[in-house]
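The structure appears below as structure tokens.
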Protein chains: 2
Amino acid sequence: MSSNTLGVRQAQKLKTRQALLDAGLRLLEEQSLSSLGLREVTRVVGVAPAAFYRHFRDMADLGVALVEESLGSLHVVVRAVLAEQSEAEEVIDGSVDAVAEHVALHPAHVRFIARERHGGVRAVREAIGAELDRFGDEVAEALAAQELSAGWSAGDVRMLAGLYVDHLVMTASAFIEAADAGERRRIADTARRQLRLISLGRRHWQDG
Amino acid sequence: MSSNTLGVRQAQKLKTRQALLDAGLRLLEEQSLSSLGLREVTRVVGVAPAAFYRHFRDMADLGVALVEESLGSLHVVVRAVLAEQSEAEEVIDGSVDAVAEHVALHPAHVRFIARERHGGVRAVREAIGAELDRFGDEVAEALAAQELSAGWSAGDVRMLAGLYVDHLVMTASAFIEAADAGERRRIADTARRQLRLISLGRRHWQDG
DNA sequence: CCGTCCGGCAAACAGTTGTTTACTGACTCC
DNA sequence: GGAGTCAGTAAACAACTGTTTGCCGGACGG
């Protein structure tokens, strides 16, 4: 047996835990974490209320777990975009498309992050903030490695990375609230032009 | 008697209404609108639960009223910043200072907007979105009047305005969550550099 | 001055909430 | 195979929720 084979019991436990997370995420599409009830979640899963405590201390705890799940999947996207080595214009198009695709694939995750980033539960807010900071560091590292960043101070690179991350989150949020495909195209178009303008500012940062 | 003198009764009613709004805003500093209870609000005000219905249909209704109150005060700030006619560097410093000051003066309002912009109550979300769009239009109009925007398409001006408004909101949100004065200075510094980079991109938009 | 209006009240309603308790029964491990 | 672990249960708890009802008493308008 391989070392990561789980016993029947522990596997069942993880399954229930995941069911709780899924139910929570689903219910959070139309409300905020601070109003999500423990019984509400267990009812959807089809489990007794008291069973909740076998997996999470309270709803804030479940929220923090959802942050890891939600932003974990985004990490993959960011790394893919950053790895790309091509012309600026293509990188921009690639980024926007990647974000659009990610939102289409995991709308509930993205909505959760947007909603709880400034939401009413401190622990979750801080978890999201910390994770986005890590994204910023990651992006900064990738930017620093590019020839365009020659002569830039570390602080300046970091602020540019922050601008990119913030813009990514704003774009994703906009996609989430988009009603039809036309609106999505308009958002993508605006995002591309904004990125182009930022990348233009980047190119002339050293001048004066 | 001037035409805007209110009868004793209507004056009292407005006073209670404002007390409900104030209590709601205060309670919303540590939770989201979708979890704020009607009884909770009336209890703080010191009024019977049923009295709530004399002023608002439900909590979402109160939320929408709070949006108007919160963003109304911001309108003044934006207009002041836009009216300024001086060098780019000074405009940037002025904007960031104005935002910092506004956040210091009305932290609860700003926190409310940041929290409910993507929050769990549709009507409030949409009210904030619509108002921010109006801000964007306003900024775009001001930008279009500047010589730097000569040759720009209306769409491009509007996307730049959107970038400014988004950045303003993000900066305000960051200020809100800042713990000490040092962190606030760091945020202001980053915001200034980001605005400088954007304004740099703006200056070279026409080139290539 | 008197009838009407109307903001606020007290009470009752049926549901809901989070948390604790003692329990069962299937899996685990020696 | 037998003892122990532990995820999930059912039931009870007090506390709370939004909403409706009928009523009061002071301001209003003629």
Side-chain angles (χ1 to χ4, degrees), chain A residues 1-24 26-28 30-66 119-124, chain B residues 1-24 26-28 30-66 119-124:
Chain A
M1 311 212 171
S2 71
S3 64
N4 61 355
T5 332
L6 262 37
V8 175
R9 186 151 81 210
Q10 197 160 357
Q12 243 316 313
K13 176 166 185 181
L14 279 183
K15 208 170 150 189
T16 320
R17 186 190 135 101
Q18 190 58 46
L20 288 169
L21 288 171
D22 292 350
R26 184 159 88 70
L27 290 166
L28 283 173
E30 1 191 69
Q31 64 184 307
S32 321
L33 183 60
S34 74
S35 73
L36 180 59
L38 169 162
R39 292 184 104 106
E40 210 175 338
V41 175
T42 57
R43 195 182 311 127
V44 169
V45 176
V47 96
F52 182 90
Y53 295 104
R54 301 284 183 203
H55 304 274
F56 307 101
R57 194 162 330 193
D58 45 27
M59 289 299 308
D61 197 19
L62 181 143
V64 171
L66 274 179
V121 181
R122 166 179 297 251
V124 172
Chain B
M1 311 218 172
S2 71
S3 63
N4 61 355
T5 333
L6 262 35
V8 175
R9 186 153 77 213
Q10 195 160 357
Q12 245 316 314
K13 175 164 186 182
L14 279 183
K15 207 170 151 189
T16 318
R17 185 190 135 101
Q18 190 58 46
L20 288 170
L21 288 171
D22 292 350
R26 183 158 90 69
L27 290 166
L28 283 173
E30 3 193 64
Q31 63 184 305
S32 320
L33 183 60
S34 75
S35 73
L36 180 59
L38 170 161
R39 292 183 104 107
E40 211 175 340
V41 175
T42 57
R43 196 182 311 127
V44 168
V45 175
V47 95
F52 182 90
Y53 296 102
R54 302 283 185 203
H55 304 274
F56 306 101
R57 195 164 332 203
D58 45 26
M59 288 298 308
D61 198 18
L62 180 143
V64 171
L66 275 179
V121 181
R122 165 178 298 247
V124 172

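From a predicted model like this one, the values you see are computed outputs, not experimental measurements.
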Looking at A60(A) and V124(A), what are the two nearest heavy atoms and their distance?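 Closest pair (atom of A60(A), atom of V124(A), distance): O-CG2, 3.8 Å.
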For V45(A) and A19(A), the nearest pair of non-hydrogen atoms, with its separation, is CG2-O, 3.5 Å
Note, [X] side chain near [Y] side chain (heavy atom, < 4.5 Å):
X      : Y      : result
L66(A) : L33(A) : no
L62(B) : F52(B) : yes
V41(B) : M59(B) : yes
K13(A) : H55(A) : yes
F56(A) : L38(A) : no
T16(B) : Q12(B) : yes

Distance col, row L14(B):CG vs Q10(B):CD, nearest 0.5 angstrom, shows 6.0 Å
Contacted region of DNA chain C by chain A, from 5' end to 3' end of the hits, cut-off under 4.0 Å to heavy atoms, spans dT17(C) to dT28(C)
Problem - Partners meeting salt bridge (charged side-chain N to carboxylate O under 4.0 Å, His left out) with R122(A) (sequence neighbours left out) - result: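 R122(A) satisfies salt bridge (charged side-chain N to carboxylate O under 4.0 Å, His left out) with E126(A) once adjacent residues are dropped.
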Here the helical stems involving DNA chain C, each at least 3 consecutive Watson-Crick or G-U pairs closer than 3.5 Å, sorted by first residue number, are C:1-12 with D:19-30, C:14-17 with D:14-17, C:19-26 with D:5-12, C:28-30 with D:1-3
Contact check, residues 9-20 of chain B vs DNA chain D, heavy-atom distance under 4.0 Å, returns R9(B)
For E30(B), does the CD atom sit with more than 12 other heavy atoms under 6.0 Å from it, leaving out its own atoms?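 Not buried by this count: 12 neighbours or fewer within 6.0 Å.
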Scoring nucleotides 13-25 of chain D by protein non-hydrogen atoms under 4.0 Å (B base, S sugar-phosphate only, - none) yields ----SBBB-----
Which side-chain hydrogen bond (donor to acceptor under 3.5 Å, both in side chains) pairs, counting each pair once, include a residue from residues 31-43 of chain B, with sequence neighbours left out?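 Listed by first then second residue: S32(A)-S34(B), S34(A)-S32(B), S34(A)-S35(B), S35(A)-S34(B), Q31(B)-S35(B), Q31(B)-E40(B).
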